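Reading through the structure tokens given below for one structure.
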2 protein chains.
Amino acid sequence: MAKKKKDLRRENIIEIAAQLFKQKGFSGTSMRDLAEQVGMDAATMYHYISSKDEILKTICFGIATTYITQLGEIESSDSSYIEKLKALVRLHLHLMTTKGAEVSVANNDWKYLSPEALQEFKDLRSHYEKRFASLIEEGIQAGELQEVNRSVALFTLLSAVRWVELWWKPNRGITLEELENTILTILFNGLEKKQP
Amino acid sequence: MAKKKKDLRRENIIEIAAQLFKQKGFSGTSMRDLAEQVGMDAATMYHYISSKDEILKTICFGIATTYITQLGEIESSDSSYIEKLKALVRLHLHLMTTKGAEVSVANNDWKYLSPEALQEFKDLRSHYEKRFASLIEEGIQAGELQEVNRSVALFTLLSAVRWVELWWKPNRGITLEELENTILTILFNGLEKKQP
DNA sequence: GTCTATATCGTGATAGAC
DNA sequence: GTCTATCACGATATAGAC
């Protein structure tokens with residue numbers, strides 16, 4: 001069955017909400033601000049969504065489950081640990097360039113989730129990080145990666161790409177592929193030039 | 001002349017404010033929350049500070065000028081470009097481990113600055129980034145760094161260390177020196193193990 | 001210097017007419 | 001479905017007693 005008009009409207013509201021939350025923060029965005037951007041009265045929005053909290057929850061968990069689903073596919077692929085880790089970095093870049101606003105909200109405004117949702121979200125993130133860290137651990141064991149502190153490697157990889165969410169616009173004079181290759185070169189081969 | 005009692009009290013308020021802003025965000029923190037942590041009534045705080053905005057401004061510009069001052073010292077030092085860039089990364093790590101709350105606020109809550117302050121802050125940051133980018137450019141020209149997109153290198157370096165502000169606690173089982181060395185190894189030599 | 005009391009405004013959310 | 005009107009609350013900030 002096709003999506004109902006009401007569902008589409010709801011998705012539109014959430015999409016615009018993500019952009020505003022990214023711009024002004026969750027607490028800094030009022031339902032009146034949002035209504036204005038959507039083009040309806042604040043009261044009318046409550047016909048499509050049940051609360052401001054619910055919007056935040058939808059955005060954050062949408063991103064979290066996307067990451068975890070894709071991680072599963074990467075884990076079960078038939079490639080080296082280096083290739084799996086590179087695929088993960090590419091996944092982050094891909095999501096930041098296609099769903100920048102939602103990723104930004106999930107990265108920065110998750111702390112405003114209601115207590116139960118907050119706990120569940122933290123659990124999901126911690127679960128994701130553990131599986132990410134396992135790939136690093138196994139990569140080191142297999143001799144593909146340098147012997148470095150696992151946590152430092154994990155968070156450096158996760159963090160190194162986060163600026164892209166703020167910086168990326170379609171016309172930056174660089175393709176997504178070039179962007180990916182440059183970042184992967186820095187992280188896996190290093191910025192320093194090897195002596196010939 | 002020694003600092004007055006009133007100034008010390010003011011600094012204490014701002015320090016606690018930075019911790020709360022980091023935890024709950026600028027908009028998510030009320031003057032009543034802050035007053036409670038400081039241990040006085042909200043109205044009394046206004047004897048020491050003039051507004052919530054002023055607190056934010058003090059924090060953000062304090063961090064910005066610290067970064068720029070230290071950048072100046074690094075630029076004028078007598079070392080290779082690689083060493084200068086490594087010193088900059090160390091500077092970021094040092095500030096995040098000694099002034100984590102303030103750095104977090106300057107990184108995440110600067111968007112709540114009042115319009116004039118906002119513009120000035122953006123200008124300072126852009127000025128800092130330009131000088132940072134120059135070191136990368138010159139490092140590439142000198143053949144010390146790989147030929148990569150300058151902006152990507154700049155923001156990857158800046159971003160790669162930002163998780164430390166959230167993660168660092170004195171007892172993580174890793175010294176600041178180990179942390180620095182690991183991050184610098186990843187960024188400048190790469191995570192991938194070189195074939196012998 | 002520190003408090004109580006309060007002015008004024010913006011917030012999330014709802015009731016109910018149409 | 002969409003609006004107007006409104007409620008209950010919490011926000012920043014100030015006035016003024018002590």
Side-chain angles (χ1 to χ4, degrees), chain A residues 2-60 105 109-118, chain B residues 2-60 105 109-118:
Chain A
K3 273 179 188 168
K4 287 174 193 154
K5 232 178 178 175
K6 191 169 169 181
D7 290 336
L8 288 173
R9 200 72 154 129
R10 184 188 139 89
E11 282 167 28
N12 182 238
I13 290 172
I14 291 174
E15 197 180 319
I16 294 175
Q19 291 165 18
L20 283 182
F21 293 168
K22 174 179 177 178
Q23 246 175 66
K24 325 204 301 173
F26 178 74
S27 306
T29 304
S30 74
M31 294 300 272
R32 287 170 180 80
D33 288 341
L34 175 54
E36 194 184 5
Q37 287 298 310
V38 172
M40 57 172 68
D41 196 88
T44 307
M45 273 196 312
Y46 283 86
H47 190 71
Y48 299 97
I49 52 97
S50 69
S51 71
K52 194 185 179 190
D53 278 339
E54 189 213 2
I55 298 178
L56 181 61
K57 230 188 323 192
T58 305
I59 296 171
C60 290
V105 172
D109 291 333
W110 56 269
K111 59 187 160 196
Y112 300 113
L113 287 166
S114 58
E116 330 85 68
L118 181 62
Chain B
K3 272 179 188 168
K4 286 174 194 156
K5 232 178 177 175
K6 190 169 169 179
D7 290 336
L8 288 173
R9 198 72 155 131
R10 184 187 139 90
E11 283 167 27
N12 181 238
I13 289 172
I14 291 174
E15 198 181 318
I16 293 175
Q19 291 165 18
L20 283 182
F21 293 169
K22 175 178 176 179
Q23 249 175 65
K24 326 204 297 173
F26 177 74
S27 306
T29 304
S30 75
M31 294 301 271
R32 288 177 180 83
D33 290 341
L34 176 54
E36 194 184 4
Q37 287 298 310
V38 173
M40 58 172 67
D41 196 90
T44 308
M45 274 196 312
Y46 284 87
H47 190 71
Y48 299 96
I49 54 95
S50 69
S51 72
K52 195 186 178 188
D53 277 339
E54 189 213 2
I55 298 178
L56 181 62
K57 230 189 319 194
T58 305
I59 296 171
C60 290
V105 173
D109 291 334
W110 55 268
K111 57 187 159 195
Y112 300 113
L113 287 166
S114 59
E116 330 85 68
L118 181 64

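Note that the coordinates shown come from a computational prediction; the quantities given were computed from them, not determined experimentally. Residue numbers start from 1 in every chain, and the chains themselves are labelled A, B, ... in the order their sequence lines are given, proteins ahead of strands.
Put simply, the side chain of B/L8 does not reach to within 4.5 Å of the side chain of B/N12, judged on heavy atoms.
Residue-level contact check: B/T44 touches the bases, meaning some heavy atom is under 4.0 Å from a base atom. Counting non-hydrogen atoms under 4.0 angstrom, B/T29 reaches the backbone sugars and phosphates but no base.
Remark: B/K111 fails to qualify as a cation-pi partner of B/F26 under the 6.0 Å distance and 45° angle criteria applied to the six-membered ring.
The nearest whole Å value for the distance from the CG atom in B/L56 to the P atom in D/dA11 is 18 Å. Computed from coordinates, the B/L34 CG to D/dA11 C1' distance equals 14 Å when rounded to whole Å. One interatomic measurement links the two molecules: CE of B/M45 to P of D/dT14, which rounds to 12 Å at whole-angstrom precision. With rounding to whole Å, A/M40 atom CE is found 16 Å from D/dT4 atom C1'. Across the protein-nucleic acid pair, A/N12 atom CG and D/dG1 atom P stand 15 Å apart, rounded to whole Å. Taking atom NZ of residue B/K52 and atom P of nucleotide D/dG10, one finds them 15 Å apart after rounding to whole Å. Atom CD in A/E36 sits about 14 Å away from atom P in C/dG10, given to the nearest Å. Separating the CG atom of B/D41 from the P atom of D/dA17 is a distance of 17 Å, rounded to the nearest angstrom.
Remark: B/R10 engages B/E54 in a salt bridge, criterion side-chain N to carboxylate O under 4.0 Å.
The environment of CD in B/E36 is sparse: at most 12 heavy-atom neighbours from other residues, nucleotides or ligands sit within 6.0 Å. Surrounding NZ of B/K22 are more than 12 heavy atoms belonging to other residues, nucleotides or ligands, all under 6.0 Å away.
Contact annotation: B/S30 side-chain N/O to D/dA11 OP1/OP2 distance is under 4.0 Å. OP1 or OP2 of C/dT2 has not a single side-chain nitrogen or oxygen of B/Y46 nearer than 4.0 Å. Neither OP1 nor OP2 of C/dG10 sits under 4.0 Å from any side-chain N or O of A/R32.
Remark on DNA chain D: of its neighbouring residues B/S50 and A/A43, the 5'-side contact belongs to A/A43, judged by nearest-heavy-atom nucleotide. Of the two residues contacting DNA chain C, namely B/H47 and A/D53, the nearest-nucleotide position lying further toward the 5' end is that of B/H47.
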